[in-house]
Amino acid sequence: MTERTRWDAIRDGTIDVPANRTLGFEIVDHDNPTEFVAINWEVRKEYCNSAGNIQGGILGAFLDALLGSATAAYLPQTHYPALAEMKVSIFRPAPAGAALYGKGWIVKAGKRVLFAEAEVRDDLGELVAKASGTEIPVEL
């Protein structure tokens with residue numbers, strides 16, 4: 001029998017991720033989360049800057065969720081993906097009401113460190129932002 005992953009537990013609600021719930025991130029199910037994970041999100045006005053576009057730190061939270069979710073697909077339910085570092089590149093603004101689609105995946109899964117990448121696109125398929133990060137599995 002295959003060991004239950006942290007991603008399985010997040011998807012079925014056994015493990016709650018309060019930040020994801022509070023910000024309104026919606027998991028997109030598909031067959032192979034070790035290939036990639038996907039999350040949809042609509043930009044809320046209260047998360048925008050004075051120009052009416054998503055604030056960079058909030059966009060960073062979305063990218064962080066994608067990196068962590070991608071890592072969770074590789075971890076047993078008893079382990080947590082601790083983000084050690086993240087680099088974010090923002091390519092275009094996303095205004096309030098924009099529908100965003102994010103994908104996260106593992107580039108290299110080591111025993112002590114996992115290297116992850118993520119990208120966010122808008123409803124026109126335009127690249128909004130990318131991130132790369134290093135995740136460390138921590139036993140709870």
Side-chain angles (χ1 to χ4, degrees):
M1 183 168 145
T2 305
E3 185 173 15
R4 184 170 161 79
T5 68
R6 185 166 190 84
W7 181 245
D8 294 330
I10 290 168
R11 282 185 15 216
D12 73 14
T14 303
I15 293 176
D16 180 39
V17 184
N20 292 3
R21 182 174 25 84
T22 298
L23 293 169
F25 303 157
E26 297 177 11
I27 293 171
V28 177
D29 280 324
H30 71 96
D31 292 339
N32 189 0
T34 58
E35 180 183 345
F36 70 89
V37 297
I39 300 174
N40 287 333
W41 186 42
E42 183 175 321
V43 177
R44 297 180 188 166
K45 184 178 179 179
E46 60 266 28
Y47 300 139
C48 291
N49 57 30
S50 61
N53 296 308
I54 190 168
Q55 193 269 344
I58 301 294
L59 184 56
F62 187 41
L63 289 158
D64 178 20
L66 288 160
L67 297 174
S69 295
T71 305
Y74 281 78
L75 300 181
Q77 182 176 336
T78 58
H79 286 65
Y80 172 80
L83 182 67
E85 61 85 27
M86 178 172 71
K87 179 196 183 299
V88 173
S89 298
I90 300 172
F91 302 106
R92 69 177 62 255
L100 300 181
Y101 174 78
K103 284 176 66 172
W105 61 92
I106 297 300
V107 175
K108 170 103 172 76
K111 290 181 181 175
R112 295 182 205 172
V113 176
L114 291 93
F115 298 93
E117 292 184 348
E119 68 177 29
V120 174
R121 294 186 179 271
D122 63 18
D123 51 355
L124 299 175
E126 297 290 333
L127 185 62
V128 173
K130 288 188 82 162
S132 61
T134 305
E135 301 273 358
I136 299 171
V138 177
E139 189 170 1
L140 298 173

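Just so it is clear, the model here is predicted, and its values are computed rather than measured.
- Both Ile58 and Leu100 are part of a single hydrophobic cluster, where members link through side-chain heavy atoms under 4.5 Å apart.
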Only distances under 3.5 Å count here; give the side-chain donor-acceptor pairs of residues 132-140 to other protein atoms, sequence neighbours excluded, each with its distance to 0.1 Å.
| from | atom 1 | to | atom 2 | distance (Å) |
| --- | --- | --- | --- | --- |
| Thr134 | OG1 | Glu85 | OE2 | 2.5 |
| Glu135 | OE1 | Leu83 | N | 3.3 |
| Glu135 | OE2 | Gly68 | N | 3.4 |

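- Residues Met86 and Val128 share a hydrophobic cluster, clusters being chains of Ile/Leu/Val/Met/Phe/Trp/Tyr side chains in contact below 4.5 Å.
- Residues Arg11 and Pro33 approach most closely at NH1-CG, 4.1 Å, considering heavy atoms.
- Proximity of Leu114 to Pro81: side-chain heavy atoms (C-beta onward) are nowhere separated by under 4.5 Å.
- Shown here for Gly24 and Arg44, the closest heavy-atom pair between the two residues is CA-NH2, 3.3 Å.
- Residues passing the ring-ring contact (aromatic ring centres under 6.0 Å, His included) test with Tyr47: none are found, sequence neighbours excluded.
- Looking at every heavy atom in both residues, Pro95 comes nearest to Val43 through O-CB, 3.6 Å.
- Distance CG/Asp123 to CG/Asn40: 10.5 Å, rounded to 0.5 Å.
- Counting only heavy atoms from C-beta outward, the side chains of Asp8 and Gln77 never approach each other to under 4.5 Å.
- Under the 4.5 Å side-chain heavy-atom criterion for ILVMFWY residues, a single connected hydrophobic cluster contains both Val17 and Val37.
- The NZ atom of Lys87 sits 10.5 Å away from the CD atom of Glu117 when rounded to the nearest 0.5 Å.
- Taking CG of Leu75 as the start and OG1 of Thr5 as the end, the distance is 8.5 Å to the nearest 0.5 Å.
- Under the 3.5 Å distance criterion, the side-chain polar atoms of Asn20 are left unmatched by any main-chain donor or acceptor of Leu23.
- Scanning all heavy atoms of the two residues, the minimum distance from Ala118 to Leu66 falls at CB-CB, 3.7 Å.
- Put simply, the side chain of Arg6 gets close to the backbone of His79: a donor and an acceptor are under 3.5 Å apart.
- When all heavy atoms are compared, the tightest approach of Ile54 to Cys48 is N-SG, 3.8 Å.
- Atom CG in Leu63 sits 10.0 Å away from atom CD in Glu119 (nearest 0.5 Å).
- Remark: the backbone N or O of Thr34 is paired with a side-chain donor or acceptor of Tyr74 at under 3.5 angstrom.
- Thr71 OG1 to Trp105 CH2: the interatomic distance, rounded to the nearest 0.5 Å, is 12.5 Å.
- For the residue pair Ala70 and Ile106, the shortest heavy atom distance occurs at O-CG1, 3.7 Å.
- Separating the CD atom in Gln55 from the CD atom in Glu46 is a distance of 13.0 Å, to the nearest 0.5 Å.
- For the pair His30/Phe36, a side-chain contact is recorded, criterion being any heavy-atom separation below 4.5 Å from C-beta on.
- Side-chain contact between Ile10 and Ile27 is present, with heavy atoms from C-beta onward closer than 4.5 Å.
- In terms of the ring-ring contact (aromatic ring centres under 6.0 Å, His included) criterion, residue partners of Trp41 (sequence neighbours excluded) are, by chain and number, Phe25, Phe62.
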